[in-house]
Amino acid sequence: MHLGLVLDMASSGYGDRIAVVANGESMSYEEIARLSWAATERLVASDATSVLYLGSNHLSYPVALFGAAGAGIPFIPLNYRLGAVQLSAQIEAHPGSYVIYEGEPPALGNGMDAVERNQFIAEMRDVSAEPAPEQDTDLTCILLYTSGTTAAPKAAVLRHRHLMSYLFSSVEFAGAEEDDAALVSVPPYHIAGVANLLSNFYAGRRIVYLDRFDPEIWLETVRREQVTQAMVIPTMLSRIVDALDGEQSAQTPSLRALSYGGSRMPLPVLERALSLFPETGFVNAYGLTETSSTIALLGPDDHRDAFSSSDPVLRQRLTSVGQLLPGIDVEVRHEDGSLVEAGEPGLVFLKGDQISGEYAGVSLLDDDGWFPTRDRGWIDADGYLFIEGRADDTIIRGGENIAPAEIEDVLISHDDVVDAVVIGLPDDEWGQRLVAVVVAGESKTIDIEILKELVKTQLRSSKTPEEIHIWDELPRTDTGKILRRNVVADLSGS
Amino acid sequence: MELKPGGQLRSALSTTEVVVVKGSGADVDLRCGGLPMIGKDESASEGTIDEAFAGESLLGKRYVDDDTDTELLCTKPGDGALSIDGRVLGLKGAKPLPSSD
């Protein structure tokens, strides 16, 4: 099935509902469908090879995405906040593209047309077009650059069939109530932003876009727009929790569901959030760009059961990414490819119709269709998946595999520490030695020896960082992932 | 008619519209309210719903026929029961997943 079908279904099923609200303007499903069909005609007539979208969330985002899908060409949302050099390299990698931008026009490559996003919307309003034709489900629908925390960003290929499989198997069509609203503050070039748009569209839920994330504005918007669901990345939740310092409750009675994902959630932040939003159902969504977003979920009941339990096994579930979605299979393997014993950690492999595992021209799927996520993790007796982090981040000290996340969690659990990263640096004796960088909380002073002692007692001496540095902040991508390679580079140079 | 995934059909008598989620590709007789369903863009005919196939389809619900392994998703609600080769399609019950987006 092709993505254009979602547009047909939404406009015929609930066309007069408001689909998107952004910058004080809104559009119904029917209007978005009409404008998208117009965009398809424009794109086909201009022989564009793909659509580049450079900007924040806006009404033009769904129109450009569905317009490209209808024309059978890839939609490529780029990180418009990237530096000029990196951004123009990504633009030039897609010659013949139709470019939709926010603000000032970017430097363009060969044979490219560019239009400012409000101008684009205005032009599409003047065209009356027929519904877009059906497209081959094997065509590339969306190209998404991965965040590239361990290597240079790569463009993942998501075909119509991958995205439709995700929607049909995990979202209920028209499942939203008439007055549901989803607050979206993840950027349009992130898989969470794409999945968010598609699944809310398919559920018939009004999307409220936040132009720029700010915890106070986020809370205000939830209250004012009577938001019923929201998706955040861990750094956002951490800032929301900080903004509620000293409060008993977030005072957001309309908020039924709060989902999070994109990187690891620090446990203290999650626990604080669960008590500040006592009536809200929390959902942890795990997935990668290459898996068309979510493939495992930790649901609201799992969160509350774990939060109120004193049983360590249940309690630990708060750090789990939950159980797999229907139609997704998982295997945990050793480096040599053999399966681990139940409950042991190893490399996570996934299989299912929504999993692409493909970059421009190269598929990473093996002959049986398994995708190597390069995440390390393990599965408990009840099928809950735990992710320890990227395999590439694993530190090997004296032959022992050490997941930095475990040590980072202990460091962050200390009251004086708000952020922490642990990396491995080359060491003649051990192969790698453990080095931590921590960030102190406001008006807190960090005692390095106390932190070392804490890790030693909670874990063991071989997992205790030999050096602990104190920085003002950690380098992160704007979706909250720590740029470990930058930390390694900084500390290797000194 | 042959039902293939992604195919869009409408009732010849009512507002009902469906999308094929699963279809074996075999030739089946799909009807709504007792009259064969038509392509989404074809126009409705005059007539009334057969009493034996009264009923309705609800927006967003899935309707299944086990014999032919067919699954239809209602994209526009309307009157008239869906049937294949004379058998009225059953409502597929599934607990929706919590929203993750």
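Each chain gets a letter, A, B and so on, in the order its sequence line appears, and its residues count up from 1.
Ranked by heavy-atom pairs shorter than 4.5 Å toward chain B, the options A/Asp8, A/Val171, A/Asn284 are led by A/Asp8.
Here the shortest heavy-atom pairing between A/Ala174 and B/Gly60 reads CB-CA, 4.3 Å. A/Ser12 approaches B/Glu17 most closely through the heavy-atom pair OG-OE1, 3.3 Å. Of all the heavy atoms in A/Val283 and B/Pro98, the pair that sits closest is CG2-CB, 3.9 Å.
Heavy-atom distances place no part of A/Pro131 under 4.5 Å from chain B, backbone and side chain included. Heavy atoms closer than 4.5 Å to chain B are found nowhere in A/Ala257, neither backbone nor side chain. Looking at B/Val21, the atoms closer than 4.5 Å to chain A (heavy atoms on both sides) sit in the backbone and in the side chain alike. At a 4.5 Å heavy-atom cutoff, the contact between A/Ser170 and chain B is made by backbone and side-chain atoms alike. Residue A/Ser169 touches chain B through its backbone alone, counting heavy-atom pairs closer than 4.5 Å. For A/Leu258, no part lies near chain B; criterion is any non-hydrogen pair under 4.5 Å. In this structure, chain B has a heavy atom under 4.5 Å from the side chain of A/Arg205, while its backbone stays farther away.
No side-chain heavy atom of B/Lys4 sits under 4.5 Å from any side-chain heavy atom of A/Met1. Counting only heavy atoms from C-beta outward, the side chains of A/Tyr14 and B/Leu59 approach each other to under 4.5 Å. Side-chain contact between A/Phe168 and B/Lys22 is absent, with no heavy-atom pair separated by less than 4.5 Å.
Contacts with chain A (heavy atom to heavy atom, under 4.5 Å) involve these residues of residues 40-55 of chain B, listed by number: B/Lys40. Listed in order of number, the residues of residues 26-38 of chain B that approach chain A to under 4.5 Å between heavy atoms amount to none.
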